[in-house]
Amino acid sequence: MFRFALHALIILILTLLTQIGGIAYLVALAASHAWGLRRFLTKLAIFLLCYAGATFAASFAAPIFGRVPLSCVAGATDRLVVRSPIYCLLNRNYVTPELRDLAKALAAHMDREFPGTVTVALDANFPFMNGFPLLPHLSHADGKKLDFGAFLNGATRSPIGYFAFEQPAPGDELPCEGRNDWLTTRWNFDALQSLFPTYRIEEQRTSAAIGWLTSEGVAKFGLQKIFIEPHLKNALGITDSHIRFQGCRAARHDDHIHIQVD
């Protein structure tokens with residue numbers, strides 16, 4: 001009974017983390033049982049092979065479900081890059097073709113405006129099934145959402161692009177101040193902040209990116225919303241109605257920019 005519960009827990013965790021990892025684990029279990037394998041390292045190797053095969057197959061099957069992968073293999077001339085291989089290893093790099101085209105067009109625009117600029121993509125969506133949660137995000141479940149790192153010309157303050165926040169200044173708008181929601185993903189990670197570099201976002205690049213998104217992005221690619229924190233919106237002097245606040249139960253958006261299309 002304990003072994004069954006352990007396998008069920010592993011399947012659940014792998015499914016939540018990668019969407020297809022639970023299936024790969026089940027296949028690896030079946031293969032190990034059929035071949036009489038008992039050594040842990042051998043069974044682990046079988047699982048890793050199954051998972052690698054499933055991940056490779058997902059990139060070909062995802063277009064059937066209306067999604068395509070953002071490439072994690074970037075060359076020196078690529079202007080759009082995924083921040084870390086971990087996003088591809090966990091199958092979190094899938095978007096609709098329309099959103100992929102928007103991301104590439106934004107990267108090309110930023111390179112024209114600021115030569116050499118590299119636009120950094122973070123979490124996108126899983127390859128299959130609308131409504132499947134991409135934790136800890138509340139809305140990345142249909143291929144139409146994508147996060148970009150705060151514009152620092154190809155860099156992010158944290159290794160994965162998240163949790164290194166652009167802290168508000170005294171007097172800035174703080175819509176969640178004084179709230180104590182127990183069910184929330186708006187974590188401040190105060191203990192981590194001193195571990196990250198202290199450089200700030202580049203206001204020129206960030207303003208240019210948001211300006212393009214709220215004009216060309218809306219008109220040509222169907223951009224619907226952009227989430228950033230109110231204090232950044234105010235600091236950048238942005239008034240466009242497509243800029244929204246994500247709410248106090250969602251993660252902070254002063255470490256990245258969230259976009260979504262129709």
Side-chain angles (χ1 to χ4, degrees), residues 12-13 15-17 83-84 86-87 90 92 99 120-126 130-152 156-203 205-207 209-211 213-214 217-218 223-262:
L12 175 63
I13 292 172
T15 301
L16 290 175
L17 286 178
R83 176 62 180 89
S84 169
I86 193 172
Y87 293 115
L90 298 180
R92 302 168 77 96
L99 185 48
V120 177
L122 307 177
D123 264 339
N125 309 262
F126 283 134
N130 287 345
F132 194 99
L134 186 88
L135 300 177
H137 302 279
L138 301 181
S139 64
H140 289 233
D142 58 5
K144 298 180 179 182
K145 281 80 176 181
L146 175 62
D147 290 343
F148 292 110
F151 275 87
L152 290 164
T156 56
R157 287 180 60 209
S158 85
I160 61 171
Y162 291 107
F163 311 134
F165 303 116
E166 186 77 8
Q167 302 295 349
D172 281 344
E173 181 181 352
L174 302 174
C176 301
E177 188 174 26
R179 292 178 59 128
N180 294 296
D181 300 302
W182 67 271
L183 185 61
T184 180
T185 57
R186 190 179 177 83
W187 306 310
N188 290 319
F189 292 107
D190 291 332
L192 296 180
Q193 300 310 302
S194 63
L195 303 178
F196 300 125
T198 57
Y199 48 72
R200 296 173 56 85
I201 65 169
E202 296 182 25
E203 293 187 1
R205 281 191 173 91
T206 304
S207 295
I210 293 177
L213 287 167
T214 54
V218 172
L223 182 134
Q224 185 182 45
K225 296 178 184 178
I226 301 173
F227 291 157
I228 60 172
E229 289 293 311
H231 73 88
L232 283 184
K233 175 183 175 181
N234 296 337
L236 296 171
I238 300 168
T239 59
D240 191 274
S241 61
H242 293 89
I243 309 295
R244 311 286 179 82
F245 174 55
Q246 71 281 355
C248 292
R249 294 188 184 276
R252 288 177 60 164
H253 283 66
D254 46 3
D255 58 345
H256 68 283
I257 299 169
H258 166 105
I259 68 169
Q260 58 191 69
V261 297
D262 292 328

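Predicted model only: the values in this text are computed from it and were never measured.
- Aromatic ring centres of His256 and Phe148 lie farther apart than the 6.0 Å criterion allows.
- With a 6.0 Å radius and a threshold of 12 heavy atoms from other residues, nucleotides or ligands, Ile86 has its CD1 atom at or below the threshold.
- Between Leu146 and Leu122 there is no side-chain heavy-atom pair separated by less than 4.5 Å.
- Among residues at least two apart or in separate chains, there is no salt bridge (charged side-chain N to carboxylate O under 4.0 Å, His left out) pair with a member in residues 132-141.
- Side chains of Thr206 and Ile257 form a contact here, defined as non-hydrogen atoms less than 4.5 Å apart.
- Of the candidates Val218, Ile259, Ile243, Asp240, Leu213 forms a side-chain contact (heavy atoms from CB on, under 4.5 Å) with just one, namely Ile259.
- Residues Pro159 and Ser84 share a closest heavy-atom pair of O-CB, 4.4 Å.
- The side chain to side chain contact (heavy atoms under 4.5 Å, CB included) check on Thr156 picks up Arg83, Val120, with sequence neighbours excluded.
- Annotation for Thr184 and Cys248: closest pair OG1-O, 3.1 Å, computed over non-hydrogen atoms.
- Of the residues listed (Lys144, Arg244, Gln260), the one engaging Gln224 in a side-chain hydrogen bond (donor to acceptor under 3.5 Å, both in side chains) is Gln260, and it is the only one.
- Residues Lys145 and His258 meet the side-chain proximity criterion, which asks for heavy atoms closer than 4.5 Å.
- Arg157 approaches Glu166 most closely through the heavy-atom pair NH1-N, 4.4 Å.
- To the nearest 0.5 Å, atoms CG (Asn234) and CD (Glu229) are separated by 11.0 Å.
- Side chain of Thr185 to main chain of Arg249: a donor-acceptor pair is present (N/O by atom type, distance under 3.5 Å, no hydrogens or angles).
- Side-chain contact check for Asp147 versus Tyr162: some heavy-atom pair is nearer than 4.5 Å.
- Here the CZ atom belonging to Phe189 is positioned 9.0 Å from the CZ atom belonging to Phe196, to the nearest 0.5 angstrom.
- Listed for the Asp172 side chain is a donor-acceptor partner under 3.5 Å among the backbone atoms of Ala169.
- A donor-acceptor pair under 3.5 Å is absent between the side-chain atoms of Tyr87 and the main chain of Ala121, judged by distance alone.
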(request) Output, in order, the C-alpha distance, side-chain angles, deciding distance and verdict of side chain to side chain contact (heavy atoms under 4.5 Å, CB included) for Phe132 and Asp142. (result) CA-CA 8 Å; Phe132 194 99; Asp142 58 5; over 6 Å; no

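- Once rounded to the nearest 0.5 Å, the distance linking CD of Glu203 with CG of Leu232 reads 9.0 Å.
- The CG atom of Asp123 lies 5.0 Å from the CG atom of Leu134; values are rounded to the nearest 0.5 Å.
- Of all heavy-atom pairs between His140 and Asn125, the closest is C-OD1, 3.3 Å.
- Considering all non-hydrogen atoms of both residues, Arg186 and Gly247 come closest at NH1-O, 4.4 Å.
- In this structure, Phe126 and Pro133 approach most closely via the heavy-atom pair CE1-O, 3.3 Å.
- Side-chain atoms of Leu174 and Pro168, non-hydrogen and from C-beta on, do get closer than 4.5 Å to each other.
- Between the side chain of Gln193 and the main chain of Phe163, a donor-acceptor pair closer than 3.5 Å is present.
- For the atom pair Asp181 CG and Cys176 SG, the distance stands at 7.5 Å (nearest 0.5 Å).
- The CG atom of Leu236 sits 6.0 Å away from the CD1 atom of Ile228 when rounded to the nearest 0.5 Å.
- With Phe165 as the aromatic partner, Arg252 meets the cation-pi criteria of under 6.0 angstrom to the ring centre and within 45 degrees of the ring axis.
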